[in-house]
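Below is the structure I would like to discuss, written out as structure tokens.
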Amino acid sequence: MGRRSEFEQFYRQHKDPCFRALIVSVRDARVADELLSEAFTRALARWRDVRAHPAPAAWVVRTAINLHRDEFRRRRRADRLSRPVVDTVSQDPPFDPALHRAVSALPQRQREVVALRVLADLSTEQTAAVLGITPGTVTTHLARGLQTLRDQLSVRNEPRPLNEEYVP
Amino acid sequence: MTDLDAFDDVVARLRDGYSPASFRPGAAAPARRRAPAAIVGTATALTVGAFAVTSVTGLPGSDPDYAWSATPSDLAAGERDAVDRLCRDEFTREFTPTLPVEDAAGNQLPDPGPSGHVGDLLVSESRGDYALSIYSGDEQGAPNTLACLTRTGVDGGWGILALWGGPASDDGRRSPVEVLGASTGALDDFAAAFGTVDGTVADVTIAAPGGAVDATVASGYFLAFWPESGRAPVSATATDNRGDVVWSGEVVPAFAEATEPTE
């Protein structure tokens, strides 16, 4: 199989899991889309090296997350150069809004662990390597994040008690 | 037994809630992802690549404080050097890998690849307060075509507005250039066309939506950028020294024909 075909197979297999993970990590579908496009393009440009990585999908997600941080830096710089720009990003996510709200409210590290471990389907060790933390820390953040989600989502799914203030 | 087993219900909810089907035909479906490739028309006199430039400002044409011009001009030598330094510094930061070099257990991970290097300045032009510079990349750590958009009047100097790169390829046969889309922001403010020309071409004019745009033609390259929020193909015409048309065709701003990779 040629490198190009190999990359295309990799792209098809991993684009959706990586996209899901990025959406949760950056909390914006359009930004996730842009970042992932760039990350996959870089993966293609460096495919000889990326394919040798223990987890090429993790490489892509890590690159996209780094790009997101770089973009923040660039935007901060650009903010000094220009007047505010009307943000045209849709605020209506094309997926379960209650779930997305709950996930978006998680602390960043928990959100990243959930994104990589559950949605990108990386192993605990791969997730640890991407985030630069130990597998034990991954497990801890994962458990806390998932427990919080369970609590939040089960509350939302239960009938609203009468005469009791409901705090979403 | 994994660390997910105790949370089967939540994991299932997450995977269902963020299923790929949820995104199609949503606002950011991966199916729309810009991947290979936008191909422009064949020409014997002109090879055309086109790409969009990421920008984080408003449309220059609609901003009275920041002028854009349909006719290009050269930068003064001092300004050109300042822009060049600015762009090279920014690209260097962009292409310096920031990936982890070892995993959590301390095992060395393979080198993610070399840092990208910016090559020659191929062509640049200034339009009002804006300047666009095109560089060659190293094709390893960086794409082989790099664009840097800058604007003057920022704290008395120039500031970076956007960077963009794509592995445009020129196979030497004067055939169309393949452009792989890549960006890290909203691609809604500028479109740009860049390519090579042979010795017969003296002028290139782009029929942009807002009117004709004269391209810079220099050193075997042409370059033009204009305010545009769409991705519709635009026509372009190349003329020789006598004003005779030697080529005409379509310029496809990047991603207009983007498709996912196929077998």
Side-chain angles (χ1 to χ4, degrees), chain A residues 5 8 11 15-16 19-20 23-24 29-30 32-38 40-41 44-46 49-50 52-54 59 62-63 66-67 70-71 74-75 77-78 80-83 85 90 94-96 99-100 114 117-119 124-125 128-130 132-135 139 142-143 146 149-150 153, chain B residues 2-4 6-7 9-11 13-20 22-23 26-30 32-35 56-58 93-94 98-100 102-105 109-113 139-143 151 154-155 159-161 163 166-167 180-186 188 260-263:
Chain A
S5 299
E8 289 170 1
Y11 174 81
K15 62 186 168 72
D16 286 339
F19 185 57
R20 289 197 299 259
I23 274 192
V24 166
R30 194 180 77 167
D33 188 40
E34 295 283 353
L35 292 170
L36 204 56
S37 295
E38 175 69 18
F40 269 115
T41 301
L44 173 60
R46 301 180 183 183
D49 299 306
V50 174
H53 193 277
W59 190 99
R62 176 76 264 176
T63 299
N66 282 345
L67 286 168
D70 291 345
E71 177 69 6
R74 187 174 308 130
R75 282 187 180 278
R77 185 164 49 248
R80 297 201 306 269
L81 311 185
S82 60
R83 285 187 290 277
V85 181
S90 169
F95 36 79
D96 184 340
L99 176 66
H100 193 56
V114 168
R117 183 73 184 89
V118 178
L119 298 173
T124 300
E125 290 72 23
V130 166
I133 57 180
T134 66
T139 302
L142 183 69
L146 293 178
L149 290 176
R150 175 182 277 162
L153 296 171
Chain B
T2 75
D3 49 5
L4 297 178
F7 297 96
D9 55 333
V10 185
V11 168
R13 176 81 183 268
L14 280 164
R15 288 177 172 162
D16 287 346
Y18 287 102
S19 73
S22 301
F23 304 121
R32 294 191 306 112
R33 186 163 298 131
R34 290 180 296 283
V56 292
T57 68
R93 275 193 289 274
E94 182 77 11
T98 52
L99 295 165
E102 59 183 33
D103 62 20
L109 294 172
D111 188 330
E139 301 185 52
Q140 298 296 318
R151 194 179 68 200
V154 181
D155 297 332
I160 295 277
L161 288 185
L163 302 176
L180 295 176
S183 74
T184 56
D188 294 335
E260 288 186 272
T262 56
E263 289 284 17

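Quick caveat, the model's predicted, so the values are computed rather than measured. Note: hydrogens, waters and symmetry copies are ignored here, and every other heavy atom, side chains too, is used.
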Residue pair A:R150 / B:F7: nearest heavy atoms and the distance that separates them | NH2-CA, 3.4 Å
What residue among A:V24, A:D16, A:V118 forms side-chain contact (heavy atoms from CB on, under 4.5 Å) with B:Y18?
-> A:V24
If you measure from CG on A:L153 to CG on B:D9, what distance do you get to the nearest 0.5 Å?
-> 9.0 Å
From A:R20 atom CZ to B:R15 atom CZ, the distance as rounded to the nearest 0.5 Å | 7.5 Å
What part of A:L142 is in contact with chain B, defined as an atom under 4.5 angstrom from a non-hydrogen atom: side chain, backbone, both or neither?
-> side chain
By side chain to side chain donor-acceptor pair (under 3.5 Å), which residues pair with A:T124, not counting sequence neighbours?
-> A:R117, B:D3
Grab the two heavy atoms, one from B:L14 and one from A:L119, that are nearest each other, plus how far apart they are.
-> O-CD2, 3.8 Å
